[in-house]
Structure formats: C-alpha cells, structure tokens
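To start, the structure itself, in structure tokens.
Just so it is clear, the model here is predicted, and its values are computed rather than measured.
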2 protein chains.
Amino acid sequence: MNPKKKQLLDAAYQLFVEKGYQSTSIQDILDQSVVSKGTFYNYFSSKNELFIDVFNTVFEKMRNARKEILVGRDVSDYETFIQQGNCYLELMQKYKLYTLFEEAIASNEKELKAFMENNRLLEIEWTYHRLRDLFGEAKTPYLLDLAVIYTGMLQYAMYFFRQSEPNTQPERVVRYVFNRLTHLVEDVSRTEEQLIPPRFLSVWLDRPQDEVVIRKELFEKTNAHMKRLITLSPISEESKEAHDEVLDFIYEELLERKKPKIHLLRRALETLAEDPIFTGQEIMTQYQGMVDEIAHIRTRVQ
Amino acid sequence: MNPKKKQLLDAAYQLFVEKGYQSTSIQDILDQSVVSKGTFYNYFSSKNELFIDVFNTVFEKMRNARKEILVGRDVSDYETFIQQGNCYLELMQKYKLYTLFEEAIASNEKELKAFMENNRLLEIEWTYHRLRDLFGEAKTPYLLDLAVIYTGMLQYAMYFFRQSEPNTQPERVVRYVFNRLTHLVEDVSRTEEQLIPPRFLSVWLDRPQDEVVIRKELFEKTNAHMKRLITLSPISEESKEAHDEVLDFIYEELLERKKPKIHLLRRALETLAEDPIFTGQEIMTQYQGMVDEIAHIRTRVQ
DNA sequence: AACAAATTAGACTTACTGTACAAAAGGAGC
DNA sequence: GCTCCTTTTGTACAGTAAGTCTAATTTGTT
C-alpha cells in the first residue's frame with residue numbers, strides 16, 4: 001500500500017479511537033500523519049470514506065481472530081462459541097471501539113450509517129449460523145429471533161457491566177448471556193413462537209441467491225426423508241407412486257424452474273397434505289414452510 | 001409559557017423528528033418558528049439545551065401515559081406490564097423517535113449524551129421496579145440483570161422486527177420478549193447466577209440514600225424472619241439468646257450507626273452462619289448479601 | 001537532465017454555531 | 001399620549017470545519 005495512504009489510515013485510526021469520529025477533524029488527521037490536504041483528497045473523497053476504509057480492516061481483523069478460534073474444533077461445541085464471543089468483545093474493549101461504533105451507527109451521514117448497519121447485520125448473520133451449528137437444523141425457524149435477542153442481551157449486558165466493573169474480562173458476561181440463551185432455545189422450540197422468519201436475514205443483506213443455496217441443501221434432505229416415509233408407509237403402491245410424482249414435481253418446479261409456478265406448487269402441496277399419513281406430522285409442516293420460503297425468495301430474485 | 005419560547009420548542013420538536021438533530025440547523029428552527037436569533041439565544045444557551053428541553057417534556061409525557069395504565073390495576077399483573085411496554089414503544093414509533101434517540105445517545109456532545117444516558121438509566125430503573133412488582137422481592141438479586149437483558153432484547157427485537165414489518169404494532173414483540181423473560185426469571189433464580197448486583201442501579205443514578213431506604217424495608221423483613229426461624233429451631237435456649245443478640249447487634253450496627261463497623265459485622269455474620277441450622281439455607285445467603293450491600297452503600301455515603 | 005507523477009501549502013467557498021449590539025417594537029403605569 | 005423597561009429583531013462578526021482548486025515544489029524514473 002502507498003505509504004502516504006497508510007500514514008493517513010494509521011493516524012485516522014488512532015485519532016478516531018482516541019477522540020471519536022466527529023471530534024476528529026481532517027486537519028487533526030493531516031497534522032498527525034504529516035500529509036497535506038491535497039494528498040488526503042487524492043486518496044479519500046471524504047472523511048466518511050476514510051472511516052469506512054479504516055474500520056473495514058478492523059472488522060476484518062476481528063472476524064479473522066474469531067474465525068481462527070474455530071479451526072480444528074467441533075462447530076457444535078458450546079465452549080468454542082463462548083470463546084469466540086469473548087474474543088470479539090475483548091477486541092472491542094481493547095481498541096475502545098464501543099463508543100466509536102455507537103457514534104458511527106447513529107451518525108447522520110448516510111454512507112456511514114449504511115456501513116455500520118451492514119456490519120451489524122453481518123454480526124447477526126454470523127451468530128445465526130453459529131447458533132445453527134450449536135443447536136441443530138431443527139431449531140432453524142427460531143434461530144434468527146434468538147440471534148437477534150442474544151445480540152441485544154449481550155450488548156446491553158456488556159454496556160452496563162462495563163459501568164459496574166470497567167476493567168474486567170467480558171467472559172463472565174458472555175457466559176451469563178449464553179446460559180440464558182440455551183434456556184431460550186428450549187423455550188421457543190417448545191412453544192413454537194416465532195417473531196422474524198429467518199428468510200429476512202437474506203432480505204436484509206440483499207443476497208437472495210445465497211439463501212436459496214443454503215435452503216436447497218436442507219430441502220433436499222427433507223425431500224429424501226419424505227420419500228423414505230412414503231415407501232415405508234402402509235398405503236397402496238398406486239398412492240405411493242402418486243406421492244412420488246408430486247414430490248418430484250415440487251422439487252423440479254421449485255429448484256430448477258426459472259420461475260416457479262407458485263399456485264401449482266401450493267395445490268400440489270395440498271394434495272400431499274391431505275393424505276392421513278402426513279396430517280399432523282411435523283415433517284409436513286416443515287416441508288411446507290421450506291417450499292414457501294424458497295418460493296418466496298426465488299420469485300423475489302426474478 | 002412565553003409564546004416565543006413555545007414557538008421555538010414546537011418548531012424544534014417538529015424539525016428534530018423530521019430531519020434528525022444534526023441535520024437541523026438553528027437557522028432552520030428560526031425560519032420555521034419565525035423567531036430571531038437573538039431571541040433564540042435569549043431562551044436557550046445552545047441547540048443541545050433546546051433538545052434537552054424539548055425531549056424532557058416528551059419523555060415525561062411518555063412516562064405519564066405509561067403510568068396511567070397502571071392506575072386501579074394490580075401491579076403484579078403481567079398483562080398490565082405488557083400493555084405498558086407496548087404503550088411506550090407505540091409512542092416511540094408514532095413520534096418516530098427511534099433514530100432520533102439513537103443519534104442523541106451516540107452524540108459527541110457531552111450534555112446531550114449525559115441527558116440520554118440518564119434517561120436510559122431511568123428506563124432500566126423503571127423496569128427493575130416493575131419486575132419486582134411482577135416477580136416478587138425474593139427475586140431481587142437477579143432483577144437488575146433481568147431488567148438490563150429485557151431492555152436489550154426488546155430494543156434489538158424491535159429494531160429488526162421493524163425492518164421486517166415496518167408498520168405493525170409492537171405488541172407482538174413485547175409479548176414475545178416478555179414470554180422469554182418469564183422463563184429467565186425462573187432460570188436465574190434456580191441457578192443463582194448474578195451479573196450486576198442491584199445496588200449498582202443507585203450508584204449509576206448517583207443517589208445512594210434512596211437505596212438504603214429501599215433495602216431497609218427488605219432487611220427488616222428478613223431479620224424478623226431469621227428471628228422466627230431461631231425461636232422455632234431445635235437448639236438450646238442459650239444458643240437462641242446468643243443468636244438473637246447477634247441479630248440485634250447487626251441490625252443496630254448496620255442501620256442506625258453513623259459509620260457501621262464492617263469487620264465486626266462480618267465476624268458476627270460468620271458466627272451466625274456457623275450454626276448448622278443455617279448452613280446451606282437460602283435465607284442465610286440472602287441475609288449475608290443484604291448486609292454486604294447495605295454496608296457497601298452506607299460506607300460510600302460517608 | 002528531462003519528464004511525469006505525487007505532494008504540498010494555502011487560498012477560497014460554503015455552512016454552521018455562537019456572540020454582540022444597536023435599532024425597533026411592545027406593554028404597563030401614569 | 002408619554003415614559004420607561006423589557007423583549008425582539010436584524011445583522012454583522014468571529015470561529016470552526018469540510019471540501020475544492022491551483023500554482024509551486026518535490027520525488028521517482030528513464
């Protein structure tokens with residue numbers, strides 16, 4: 001990287017952390033980095049852009065540090081997850097990023113806000129995926145809610161905990177909040193309460209394709225499971241064949257058609273659901289939910 | 001109120017809500033209210049002060065609306081609490097205060113930040129007291145944690161829920177989060193995990209005396225309960241008398257002495273705890289906790 | 001040495017907060 | 001209607017900061 005640019009980035013990082021974003025003037029950064037105004041505007045079109053540039057790398061570093069904790073370890077291990085949370089928060093504390101990020105996220109500068117917003121969403125997404133690692137695919141419908149709630153608990157608990165004991169490790173807080181979370185996983189999967197369907201994650205992050213790919217895997221499993229169920233069920237061979245046809249139709253229509261015919265799909269699903277071997281079965285509602293979600297995403301992609 | 005001042009407050013409120021704090025210049029407010037700059041600075045020393053003046057009354061209105069829901073109703077009724085939460089969030093939504101408050105709380109202006117900070121604390125305090133109404137005094141040690149966590153869950157759930165369904169009532173969110181909370185109350189009182197002792201509430205709000213008064217009541221009850229326990233227990237009259245003396249000593253020393261002798265108190269407590277009738281009893285740990293807290297507050301008041 | 005690219009210093013525009021003060025308007029009592 | 005005092009106005013001014021522009025200087029390369 002160009003030395004002048006690096007000087008600017010370093011000085012900016014230092015000053016932002018030290019004094020906050022608004023209170024750091026471009027002149028401050030120029031003085032600190034011993035670079036002239038002209039050069040500054042040669043590399044960055046505004047202070048916002050500089051900030052984004054600086055903290056993109058900071059975020060990346062933090063995420064990498066967190067990722068490294070996972071290597072060679074079981075993704076479903078609770079302890080690993082706690083360590084990852086702890087690591088992330090320790091870095092936040094070490095670099096005193098709390099207030100700075102608060103300032104940026106509430107900034108009235110559109111670009112900045114959007115940048116921080118996106119990072120917030122990436123955090124939720126990461127948590128969502130990790131919760132799926134920890135608690136299993138079966139809990140998926142509730143995991144976006146739990147990721148959101150977990151993040152909220154953690155943020156607030158950290159905030160107030162720092163006020164009561166400023167210089168302690170965040171580990172106690174992470175542990176406390178995680179213990180609460182494990183209870184809530186059981187709680188919501190028992191009561192089946194859902195607030196925000198997980199498909200919104202990709203809506204927010206505006207990358208519907210991803211979600212289709214992720215869903216596809218899960219859908220294929222469920223589809224295969226349904227087929228197995230049918231062959232094992234005590235119904236006539238004719239019905240079995242009919243069901244198989246429907247399943248194949250749904251599969252093709254849903255995943256391979258350019259523009260799935262939603263109404264046809266619904267109809268097909270209904271005929272399937274009418275069979276007594278499926279009524280009241282959890283697998284059926286799961287299956288229906290998946291079809292709905294994927295159809296929803298795919299029509300949006302159009 | 002002076003008409004010019006009112007004009008300014010009205011215009012400021014409208015513009016702040018519409019455009020945000022930073023993006024509203026004083027000139028904008030002057031234009032909107034048809035008041036001159038001189039008059040503005042006659043009534044407010046800065047834009048910050050104006051903001052604080054405006055939103056002090058807004059906060060008050062919101063709190064009053066919430067308070068009115070409680071009149072004539074049982075403070076321990078869950079439904080009432082949910083309605084109160086819902087009411088507060090609806091007002092936040094109605095007046096579009098979310099982003100505005102976010103902006104203010106992260107502002108780099110010290111006064112503003114302090115003002116919002118204080119309001120945040122008042123919210124936690126309110127929640128804490130209401131949770132005590134709902135779940136009873138026995139849960140007190142865990143209720144600050146729960147108030148903090150509840151607020152965090154609610155904020156984050158609301159934030160993301162608004163993104164998925166922008167124009168719906170917050171009631172679903174409040175209900176969802178409250179349901180989770182009820183589980184956590186059982187959870188933490190079973191595992192006895194505590195993150196932030198409730199005394200910090202008054203430390204943060206910087207009014208230590210209050211807390212002594214509040215604690216005193218609770219302490220008296222527990223003290224009386226201990227005495228009853230002793231008279232009913234199968235130990236010698238001599239031991240009973242000895243224990244009674246210790247209890248009285250602690251009571252006087254702790255609540256009536258100007259400067260309680262902490263080490264003596266600790267010693268007295270230990271002798272009490274040594275008796276087998278107390279070992280492992282929850283009441284004893286509660287009692288010890290209370291003594292610790294009150295002693296802590298009272299020495300700080302000094 | 002010659003040339004191109006990077007860099008500098010500083011003047012300049014725009015937009016905002018907050019100060020200062022003289023002039024004008026308003027209102028209460030006589 | 002007149003006086004006195006307060007409120008209000010209009011405007012000029014100082015200070016800060018973001019961002020633009022340009023002529024001059026430095027640096028690196030061939």
For C:dA6 and A:Lys4 - does any side-chain N or O of the residue sit under 4.0 Å from the phosphate oxygens OP1/OP2? no

List the atom pairs, donor and acceptor, that lie under 3.5 Å between side-chain atoms in residues 92-105 of chain A and the rest of the protein, sequence neighbours left out.
{"unit_1": "A:Glu103", "atom_1": "OE1", "unit_2": "A:Tyr21", "atom_2": "N", "d": "3.2"}
{"unit_1": "A:Glu103", "atom_1": "OE2", "unit_2": "A:Tyr21", "atom_2": "N", "d": "3.2"}
{"unit_1": "A:Glu103", "atom_1": "OE2", "unit_2": "A:Gln22", "atom_2": "N", "d": "2.7"}

Whole angstrom is fine here: how far is it from CG in A:Leu30 over to C1' in C:dT8? 11 Å

Give the first and the last nucleotide of DNA chain D, reading 5' to 3', that has any atom under 4.0 Å from a heavy atom of chain B. D:dT8 to D:dT9

With a 4.0 Å cut-off on heavy atoms, is A:Ser25 in touch with a base, just the backbone sugar-phosphate, or nothing at all? sugar-phosphate

Between atom CG in B:Leu50 and atom P in C:dT17, what is the gap in whole Å? 11 Å

With a 4.0 Å cut-off on heavy atoms, is B:Tyr43 in touch with a base, just the backbone sugar-phosphate, or nothing at all? sugar-phosphate

Cation-pi, A:Tyr176 ring and A:Arg180 (6.0 angstrom, 45 degrees): yes

A cation-pi test, strictly: NZ or CZ of A:Arg199 under 6.0 Å from the centre of the six-membered ring of A:Trp204 and no more than 45 degrees from its axis. Yes or no? no

Nearest-Å distance for atom pair CG/P, residues B:Asn42 and C:dC21: 15 Å

Expressed as a whole number of angstroms, how long is the span from B:Tyr41:OH to C:dC16:P? 13 Å

Contact class for B:Phe40 vs. all strands (heavy atom < 4.0 Å): base, sugar-phosphate, or nothing? nothing

Between C:dG18 and B:Lys37, counting only base atoms on the nucleotide and side-chain atoms on the residue, is there a donor-acceptor pair under 3.5 Å? yes

Would A:Arg120 pass as a cation-pi partner of B:Tyr159, given that its NZ or CZ must be under 6.0 Å from the six-membered ring centre and within 45 degrees of the axis? yes

5'-most contact on DNA chain D: A:Asp28 or A:Gly38, nearest heavy atom basis? A:Asp28

Any chance the side chains of B:Glu49 and B:Tyr43 put a donor and an acceptor closer than 3.5 Å? no

Using 30° and 60° as the class limits, which term best fits the ring planes of B:Phe51 and B:Phe16: parallel, tilted or perpendicular? tilted

